[in-house]
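Read through the structure below, which is laid out as structure tokens, and then see the notes.
Numbers restart at 1 for each chain; the letters A, B, ... are given by sequence-line order, proteins then strands.
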Protein chains: 2
Amino acid sequence: MVQIPKTPDPASSSAPRSVPTSADVARLAGVSRATVSYVLNNTSAVRISEPTRRRVHEAARELGYVPHAAARSLRAGHSRLVLMPAPSFPAGPLYSRFLTELQWALGRLDYTVVQHGTVGLRGDEAARAWAEMRPVAVLVPGFDLGPQGVEVLKRSGARAVVTLGPEAVDGAHALLMDHEAVGHSAARHLYERGRRRIGVLIPAEEGLEVFSAPRLDGARRAVEGTDATVTRVPLAYEERDAARLAARWKSLGLDAVFAYNDEYAMLLMRALQDEGLAIPGDTAVIGADDLMLGRLLRPRLSTVHLELPSGRDLAALVDRAVRDPDAAPERHKVLGAAVVHRESS
Amino acid sequence: MVQIPKTPDPASSSAPRSVPTSADVARLAGVSRATVSYVLNNTSAVRISEPTRRRVHEAARELGYVPHAAARSLRAGHSRLVLMPAPSFPAGPLYSRFLTELQWALGRLDYTVVQHGTVGLRGDEAARAWAEMRPVAVLVPGFDLGPQGVEVLKRSGARAVVTLGPEAVDGAHALLMDHEAVGHSAARHLYERGRRRIGVLIPAEEGLEVFSAPRLDGARRAVEGTDATVTRVPLAYEERDAARLAARWKSLGLDAVFAYNDEYAMLLMRALQDEGLAIPGDTAVIGADDLMLGRLLRPRLSTVHLELPSGRDLAALVDRAVRDPDAAPERHKVLGAAVVHRESS
DNA sequence: TTGAAAGCGATACCAC
DNA sequence: GTGGTATCGCTTTCAA
């Protein structure tokens with residue numbers, strides 16, 4: 001819960017003429033506050049004479065009047081706010097693009113999108129912080145939310161809660177990002193190309209387990225019941241650690257590796273090549289995310305291309321959910337995973 | 001200005017027991033709303049008996065009560081909201097990290113950070129949209145804000161407006177990101193290593209001119225009065241365009257290139273190498289941003305390392321500005337630019 | 001220690 | 001056409 005301090009220093013301002021309200025506009029225009037509201041909101045149920053309209057607009061402009069969103073939504077009993085937690089890890093270009101598109105699409109539907117900088121708050125605490133803003137909809141990527149969190153949000157007026165992540169949460173709509181499929185495709189691909197001892201690179205960095213764990217699981221599942229093995233290989237995103245790993249690579253006895261994503265793949269590939277190993281000869285490498293950089297490597301990096309949901313579709317889902325909050329939660333698989341075979345595998 | 005529709009479909013909800021208010025908590029606990037407020041906010045000016053406190057907390061928990069931020073800040077006359085526009089272009093890892101750090105630091109100071117998904121709104125329109133939320137401070141990266149925008153925000157109660165960008169804006173604090181220095185360092189470096197015909201890669205993509213233009217200018221300035229030349233070289237971030245550029249590279253007669261950033265550098269380097277050109281022999285290449293990938297290229301990519309401001313420092317600046325809104329606007333140069341010489345130049 | 005009530009800013013109903 | 005005014009949820013005097 002956000003604490004509001006008791007007016008830090010009341011006497012510090014050099015009389016900054018206080019913020020203009022609709023009452024000020026009314027006074028200046030010589031009309032009532034009601035009229036101001038009618039004019040400024042183009043209320044169609046009421047006809048206001050042209051001269052009056054002009055006077056009101058003039059007054060508003062002159063005062064630099066800007067309506068008070070909090071007051072408005074308090075009165076209205078609801079907002080058009082769609083809230084998402086701001087990502088706590090560096091978002092890749094994929095996700096950034098998705099986010100921009102989504103904001104644009106929701107903007108078109110007249111929603112205001114806001115990313116809430118939730119910091120150390122976990123789980124229900126975070127949900128409460130979001131609920132304080134009384135958003136009409138909440139979009140939550142990842143694992144940040146449990147069923148209770150959903151309940152908190154709904155009880156506080158959120159008409160739609162949508163999770164984007166590997167698992168559905170009770171009571172919320174779910175856009176299922178099936179990261180298992182990513183690992184599955186990758187391992188399958190390696191298997192089909194004759195590899196049997198498959199390593200799966202797992203970032204040592206915090207906060208990425210949400211994605212890496214299911215990718216690993218998917219790889220495991222892909223070779224279940226075959227003669228192939230899957231080995232978990234942790235790697236920090238830094239040269240030294242990659243060099244260390246490369247130095248003991250032969251001892252691992254792997255003939256292929258799925259490298260979490262293209263960036264980790266690049267890091268590992270370089271280290272292996274520096275160590276004199278041939279790619280894909282000695283070790284096949286495949287990444288994920290289909291970033292530009294993979295195309296620029298030599299050998300060209302095989303990768304798993306991810307298809308994120310379109311921002312427009314998600315915006316439409318949100319709008320639908322807001323309009324009909326009691327509809328059964330929708331579940332959509334939204335992560336297309338397709339192997340792009342290049343030269344490294 | 002956000003339009004609120006006249007209650008889309010009033011009859012669609014299956015009586016979702018309405019959102020609990022502090023009055024509900026009071027009723028359930030058998031006390032007055034005042035007491036609820038005292039208890040929930042730990043008001044120190046007033047002693048509430050332990051049994052009462054317990055009853056209130058219990059009731060709040062049972063109802064799933066979450067305070068209404070809008071009502072609260074309406075009453076209080078101010079918020080603890082720090083607003084930033086959400087970046088409209090894919091933010092690099094540098095900026096992402098900075099953002100996360102900043103949010104964390106502001107969170108520590110008890111501010112709520114929010115990234116506002118401003119879509120098609122330009123200039124003053126955007127400023128008005130932000131002002132509606134009555135943020136106590138606004139942080140604006142880039143060129144999105146003019147002096148009038150600042151005025152709008154201040155008149156609507158923002159106690160601090162901070163711009164992050166190449167230029168200061170009247171009335172606002174400025175964190176000056178001197179991208180000219182980046183280009184200057186790069187070109188200087190190339191010049192000192194004996195290069196005289198320097199190309200500067202400029203992204204063909206929209207929205208990046210804000211950074212690329214000053215970088216080009218800086219490069220120009222660096223060789224002013226020497227026998228060296230600087231040539232503007234547009235490039236789209238795609239392989240085909242890079243290949244086209246590489247094919248006519250020799251005809252450009254350049255012996256060095258500053259490639260806007262490491263990613264464009266990688267793209268170009270690959271295309272040049274594929275064309276059979278030697279780096280740095282035929283053409284020296286230097287990037288910027290000092291991303292990991294530069295270290296992984298062969299030859300290793302020279303680059304300009306950027307030092308962004310620390311999130312903690314910026315948070316402190318914001319806090320200072322909020323506490324003393326009438327202090328003279330601060331101006332800080334915050335973009336350290338240092339050449340990291342590797343093998344490509 | 002607790003309660004009654006004013007008021008923050010905007011909107012919409014009901015009079016005139 | 002336009003103007004009072006009750007109301008949204010919450011905090012905070014002031015009284016009891």
Using atom [atom1] of [X] as one end and atom [atom2] of [N] as the other, report the distance to the nearest whole Å.
| X | N | atom1 | atom2 | value |
| --- | --- | --- | --- | --- |
| B:M133 | C:dG9 | CE | P | 17 Å |
| B:L40 | D:dT12 | CG | C1' | 15 Å |
| A:R27 | D:dG3 | CZ | P | 14 Å |
| B:H68 | C:dG9 | NE2 | P | 16 Å |
| A:Y65 | C:dT11 | OH | C1' | 10 Å |
| A:L74 | D:dC8 | CG | C1' | 4 Å |

Side-chain N,O (B:S22) to OP1/OP2 (D:dC10) below 4.0 Å |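 Yes, B:S22 has a side-chain N/O under 4.0 Å of OP1/OP2 on D:dC10.
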Does OP1 or OP2 of D:dT11 have a side-chain N or O of B:N41 closer than 4.0 Å?
->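 Answer yes for this pair, as a side-chain N or O of B:N41 is under 4.0 Å from OP1 or OP2.
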If you fit an axis to the five pairs at each end of the helix from C:dT1-D:dA16 to C:dC16-D:dG1, how big is the angle between those two axes, to 10 degrees?
->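 Helix axis angle between the two ends: 50°.
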Is there a side-chain contact between A:D326 and A:D324, using heavy atoms and a 4.5 Å cut-off?
->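 Counting from C-beta outward, A:D326 and A:D324 do come under 4.5 Å.
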Any side-chain heavy-atom pair of B:M133 and B:L83 under 4.5 Å |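 Yes, at least one pair of side-chain atoms sits under 4.5 Å.
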Sugar-phosphate, base or nothing in reach of B:S37, heavy atoms under 4.0 Å |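 Contact class for B:S37: base.
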Compare every heavy atom of A:H173 with every heavy atom of A:A321, then report the nearest pair and how far apart it is.
->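 Residues A:A321 and A:H173, closest heavy atoms: CB-NE2, 3.5 Å.
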Which heavy atom in A:P87 sits nearest to a heavy atom in B:T100, and how many Å separate them?
->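 Scanning both residues completely, I find the closest heavy atoms to be O-OG1, 4.3 Å.
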Would a distance-only check, ignoring hydrogens and angles, find a side-chain to backbone donor-acceptor pair under 3.5 Å from B:S22 to B:P67?
->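 Absent.
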Report the residues that fulfil side chain to side chain donor-acceptor pair (under 3.5 Å) with A:R320, sequence neighbours left out, ordered by chain and then residue number.
->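 Scan of A:R320 (side chain to side chain donor-acceptor pair (under 3.5 Å), adjacent residues dropped) gives A:E330.
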Those residues that, when tested against A:S32, pass side chain to side chain donor-acceptor pair (under 3.5 Å) (two or more places apart) |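 Expected list: A:T35.
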Residues two or more places apart in sequence or in another chain: which of them pass side-chain contact (heavy atoms from CB on, under 4.5 Å) with B:A69?
->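 Listed in chain order: A:E132.
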Determine all donor-acceptor pairs shorter than 3.5 Å in which one atom belongs to a side chain in residues 54-66 of chain A; sequence neighbours excluded.
residue : atom : partner : partner atom : Å
A:R55   : NE   : A:A29   : O            : 3.0
A:R55   : NH2  : A:A29   : O            : 3.2
A:H57   : ND1  : A:R53   : O            : 3.3

Reading nucleotides 1-7 of chain C 5' to 3', which nucleotides get B (base under 4.0 Å from a protein heavy atom), which S (sugar-phosphate only), which -?
-> SBBB-BB
